[in-house]
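Inspection log for the structure reproduced underneath, given as structure tokens.
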Amino acid sequence: MTTVFSNSGVDDDTRRELLYGGQVFVYPATSASGRLAAFARELVAEAFGGRDPETAQFDMPVEEFAELLASLKPRFIHHPRCKELLPALLEELGCDLERTYFDVPRLRTSTSHDYLTSGISYAFHPHRDCWYSAPFNQVNWWIPVYAVVPENVMAFHPQYFGTPVRNGSARYDYAEWNRTSRATAARHVRGDTREQPRPEEEVTLEPQVRVVPEPGGVMVFSGAQLHSTVPNTSGRTRFSIDFRTVHIDDVRARRGARNVDAACTGTTLRDFVRCADLDPMPEELALAYEAEALTRSGAGPERVPSRS
């Protein structure tokens, strides 16, 4: 069973334990999350000139739209303002900045009526982030930039949280993806040929859970949740922000969601920096997680992070 906690007052330790068990949290816009969404709107408006960003897709060739996103998204991702606002947001929601690490915030788009669903605006099939070499203690944070509706958000498929799905994660290595595939996203306009983990059996999409936060509102869920991009039929392009966190105590203790079906290699841990001072994740932890991923893929005795 998945429960959605609205504006819960539980502390971060309790919240993470509930997230690792498959629950979802949603919060109204905070001061910092509202400023982050507003900053994203500034960059988006500047990039689109006088066009309405949510409807510009209907007036632009898809190649031009993809090229615009290929410039806009890295600008947002790497802007120093984001590194100021994310720790502030996390502190407002009860995270310990000395022990919480975050990765870069990504500006995502979901265009309407299959206008652009690959490459720079990839429409994600049902997946777990853990299939993409994420640690099982990863927490995902998702923020709408403009108003969203049920027809352009994401869907959770909670019946699979503890149920394996046959998938292609065994062929995925994070280091290889960064070396050969990540930088080519903008080239995939009419289709996406990059190898990405996906279900290799039929997935029943119903029942599903869709959460519709306000602009700047925050949705929080485990990287082990099976989720997908809702086919956008809203008539408006959805802009959203997402980023991920890990708590270093959970990383060290191997405390997180149970691994039910991930067999990828590599780890994303090197992407995370400490909120307090932007120090990188300790290298010895990344190396240990890489070794354990090799074990999961069949290179030695199984040692899978589990809930505690």
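In this chain, numbering begins with 1 at the start of the sequence shown.
For the residue pair E151/N232, the side-chain donor-acceptor check at 3.5 Å is not satisfied. Using modelled atom types, one finds no donor on one side chain facing an acceptor on the other under 3.5 Å when comparing R198 with Q196. Counting only N and O atoms by type, the side chains of D242 and N140 include no donor and acceptor under 3.5 Å apart. Defined by atom type and a distance below 3.5 Å, a donor-acceptor pair is present between the side-chain atoms of S240 and R238. For the residue pair T265 and D173, a side-chain donor N or O sits within less than 3.5 Å of a side-chain acceptor on the partner. For the residue pair H157 / S228, a side-chain donor-acceptor distance below 3.5 Å is found, with atom types taken as modelled.
Between F243 and W141, the two ring planes are parallel [angle under 30°; tilted spans 30° to 60°]. Y174 and Y172 have tilted rings, their planes meeting at an angle from 30° to 60° on a 0 to 90° scale. The aromatic rings of H227 and F156 sit tilted, their planes meeting at an angle between 30° and 60°.
Side-chain atoms of V251 and Y289, non-hydrogen and from C-beta on, do get closer than 4.5 Å to each other. Side chains of F65 and T111 form a contact here, defined as non-hydrogen atoms less than 4.5 Å apart. For the pair E46 and R75, the minimum side-chain heavy-atom distance is below 4.5 Å. Using a 4.5 Å cut-off on side-chain heavy atoms (C-beta onward), W142 and V153 make contact. Side-chain contact check for Q159 versus P207: some heavy-atom pair is nearer than 4.5 Å. Side-chain contact between R252 and P282 is present, with heavy atoms from C-beta onward closer than 4.5 Å. Looking only at side-chain heavy atoms (C-beta outward), K83 and V273 stay at 4.5 Å or farther from each other. S112 has its side chain out of reach of N152: every pair of non-hydrogen atoms, C-beta onward, lies at least 4.5 Å apart.
The distance from the CZ atom of R99 to the SG atom of C275 is 12.5 Å, given to the nearest 0.5 Å. Going from atom CD of Q208 over to atom OG1 of T2 covers 12.5 Å, rounded to the nearest 0.5 Å. With rounding to the nearest 0.5 angstrom, the CG atom of L43 is 13.5 Å from the NZ atom of K73. Between atom NE2 of residue H127 and atom CD of residue Q225 there is a gap of 11.0 Å, rounded to the nearest 0.5 Å.
Applying the side chain to side chain donor-acceptor pair (under 3.5 Å) test to R51 and every residue at least two apart in sequence or in another chain returns E64. Partners of V104 according to the side-chain contact (heavy atoms from CB on, under 4.5 Å) rule, which considers only residues two or more places apart in sequence or in another chain, are I77, R106.
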### CA sep, side-chain torsions, deciding dist, call: Y146, V44, side chain to side chain contact (heavy atoms under 4.5 Å, CB included)
CA-CA 11 Å; Y146 301 95; V44 170; 3.5 Å; yes
### Query
Could you go step by step and tell me if D277 and R274 meet the salt bridge (charged side-chain N to carboxylate O under 4.0 Å, His left out) rule?
CA-CA 6 Å; D277 52 16; R274 186 162 56 189; 2.7 Å; yes
### Task
Evaluate the salt bridge (charged side-chain N to carboxylate O under 4.0 Å, His left out) criterion for residues R171 and E176: first the C-alpha distance (whole Å), next the side-chain angles of each, then the deciding distance (0.1 Å), finally the verdict.
CA-CA 10 Å; R171 297 187 298 274; E176 180 66 12; over 6 Å; no
### Query
Are D271 and R244 close enough, and set up right, to give a salt bridge (charged side-chain N to carboxylate O under 4.0 Å, His left out), and what steps lead you there?
CA-CA 10 Å; D271 293 347; R244 297 151 183 80; over 6 Å; no
### Query
Step by step, would you call Y160 with D261 a side chain to side chain contact (heavy atoms under 4.5 Å, CB included)?
CA-CA 10 Å; Y160 291 105; D261 55 18; over 6 Å; no
### Query
Are E54 and T237 close enough, and set up right, to give a side chain to side chain donor-acceptor pair (under 3.5 Å), and what steps lead you there?
CA-CA 5 Å; E54 295 181 273; T237 296; over 6 Å; no
### Task
Could you please spell out the steps behind the salt bridge (charged side-chain N to carboxylate O under 4.0 Å, His left out) verdict for E283 and R270?
CA-CA 7 Å; E283 177 64 11; R270 292 185 184 87; 2.8 Å; yes
### Query
Can you list the steps and then say if Y115 with M60 is a side chain to side chain contact (heavy atoms under 4.5 Å, CB included)?
CA-CA 10 Å; Y115 169 77; M60 299 175 65; 3.9 Å; yes
### Task
Let me see the working for F5 and V10 under side chain to side chain contact (heavy atoms under 4.5 Å, CB included), right down to the final yes or no.
CA-CA 10 Å; F5 289 82; V10 302; 5.7 Å; no
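Scanning all heavy atoms of the two residues, the minimum distance from L19 to S222 falls at O-CB, 3.3 Å. The shortest heavy-atom contact between S31 and E92 is CB-OE2, 3.3 Å. In terms of heavy-atom proximity, L85 sits nearest to A32 at O-CB, 3.9 Å. Taking each heavy atom of V212 and V148 in turn, the nearest pair found is CG1-O, 3.2 Å. Scanning all heavy atoms of the two residues, the minimum distance from D129 to Q138 falls at OD2-NE2, 3.1 Å.
With salt bridges taken as basic N to acidic carboxylate O contacts below 4.0 Å, one links R254 and E292. Electrostatic pairing of D11 and R15 does not count as a salt bridge here, judged by no charged N lying under 4.0 Å from a carboxylate O.
Judged by distance alone, with hydrogens and angles left aside, the side-chain atoms of T267 form a donor-acceptor pair with the main-chain N or O of L269 at under 3.5 Å. Judged by distance alone, with hydrogens and angles left aside, the side-chain atoms of Y132 form a donor-acceptor pair with the main-chain N or O of P197 at under 3.5 Å.
In the displayed structure, E202 atom CD is contacted under 6.0 Å by at most 12 heavy atoms of other residues, nucleotides or ligands.
Remark: aromatic rings of H247 and Y101 are distant, center separation not under 6.0 Å.
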